[in-house]
Amino acid sequence: MTNDLVYLPIRRLSDLIRTKQVSPVELAKLFLTRLESYGHTYNAVVTITHERAMRQAKLAEDEIASGHYRGHLHGVPYGVKDLLATAEGIPTTWGAAPFRDQTFDYDATAIRKLEEAGAV
């Protein structure tokens, strides 16, 4: 079932995480591996934030294990276009070469909201 997880709707992934049938760490590793394997082939990715994703997945897993479930996005991996400001030195290129080294010291509201919901 592991590889089939990448094709499931978020609601189903959420149910599997909430009921501890799938761990956020396992899910993050699966999606990161696929992204690292296929993302550049399809020119679908500028930056892969492996460390950030794994840190968030571990936090989500620990919170869920301790009974603190934030909701349907808790532990579910997500990706965002490089149009949204992202902190931690992650480039926000706006899809244009002149901005390839542009970084911000804050996260866009959409990213903050995803992280508040526990998304990875």
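Both backbone and side-chain heavy atoms feed into the values below; hydrogens, waters and symmetry mates do not.
Following chains of ILVMFWY side-chain contacts shorter than 4.5 Å, one cannot reach I90 starting from V120, and the two form parts of different hydrophobic clusters. Under the 4.5 Å side-chain heavy-atom criterion for ILVMFWY residues, no single connected hydrophobic cluster contains both L8 and L35. A single hydrophobic cluster is not seen to contain both F104 and L84; linkage of ILVMFWY side chains at heavy-atom distances under 4.5 Å, directly or through other members, places them apart. Following chains of ILVMFWY side-chain contacts shorter than 4.5 Å, one can reach V76 starting from I111, so the two form part of one hydrophobic cluster. A single hydrophobic cluster is not seen to contain both F99 and V45; linkage of ILVMFWY side chains at heavy-atom distances under 4.5 Å, directly or through other members, places them apart.
For D107 (side chain) and R112 (main-chain N/O), no donor-acceptor pair under 3.5 Å exists by modelled atom type. Between the side chain of R18 and the backbone N or O of H72 there is no donor-acceptor pair closer than 3.5 Å. A distance-only check finds no donor-acceptor pair linking the side chain of E63 to the backbone of H68 [under 3.5 Å]. At least one donor-acceptor pair closer than 3.5 Å links the side chain of T19 to the backbone N or O of D15. Of the possible polar contacts, none joining the R100 side chain to the P91 backbone as a donor-acceptor pair under 3.5 Å is found.
Shown here for G118 and A60, the closest heavy-atom pair between the two residues is O-CB, 4.2 Å. Across all their heavy atoms, L32 and A53 have their closest contact at CD1-CB, 4.0 Å. Residue D105 comes nearest to A87 through the heavy atom pair C-CB, 3.9 Å, listed as atom of the first residue, atom of the second, then distance. Annotation for A28 and A57: closest pair CB-CB, 3.7 Å, computed over non-hydrogen atoms. Among all heavy-atom pairs drawn from I64 and P24, the shortest one is CD1-CG, 4.1 Å. Nearest heavy atoms, L5 versus F31: O-CZ, 4.2 Å.
The distance from atom OH of Y38 to atom OG1 of T33, rounded to the nearest 0.5 Å, is 10.5 Å. To the nearest 0.5 angstrom, R11 atom CZ is 12.5 Å from L16 atom CG. If you take CD1 on I17 and OH on Y69, they are separated by 7.0 Å, rounding to the nearest 0.5 Å.
Between D62 and K58, at least one side-chain N (NZ, or NE/NH1/NH2) sits under 4.0 Å from a carboxylate O, which counts as a salt bridge.
Side-chain contact between E88 and E51: absent, with no pair of heavy atoms (C-beta onward) separated by less than 4.5 Å. Within the 4.5 Å cutoff, the side chain of R52 has heavy atoms near those of the R55 side chain. Annotation: side chain of Y7 is not in contact with side chain of R12 (no heavy-atom distance under 4.5 Å). Side-chain contact between L13 and V22 is absent, with no heavy-atom pair separated by less than 4.5 Å.
Heavy atoms from other residues, nucleotides or ligands lying under 6.0 Å from CG of L83 number more than 12.
Of the listed residues (T49, V25, L59), just one forms a side chain to side chain contact (heavy atoms under 4.5 Å, CB included) with M54, and that residue is V25.
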Is there a side chain to side chain contact (heavy atoms under 4.5 Å, CB included) between H40 and I48? Walk through the geometry before answering. CA-CA 10 Å; H40 295 292; I48 298 174; 4.3 Å; yes
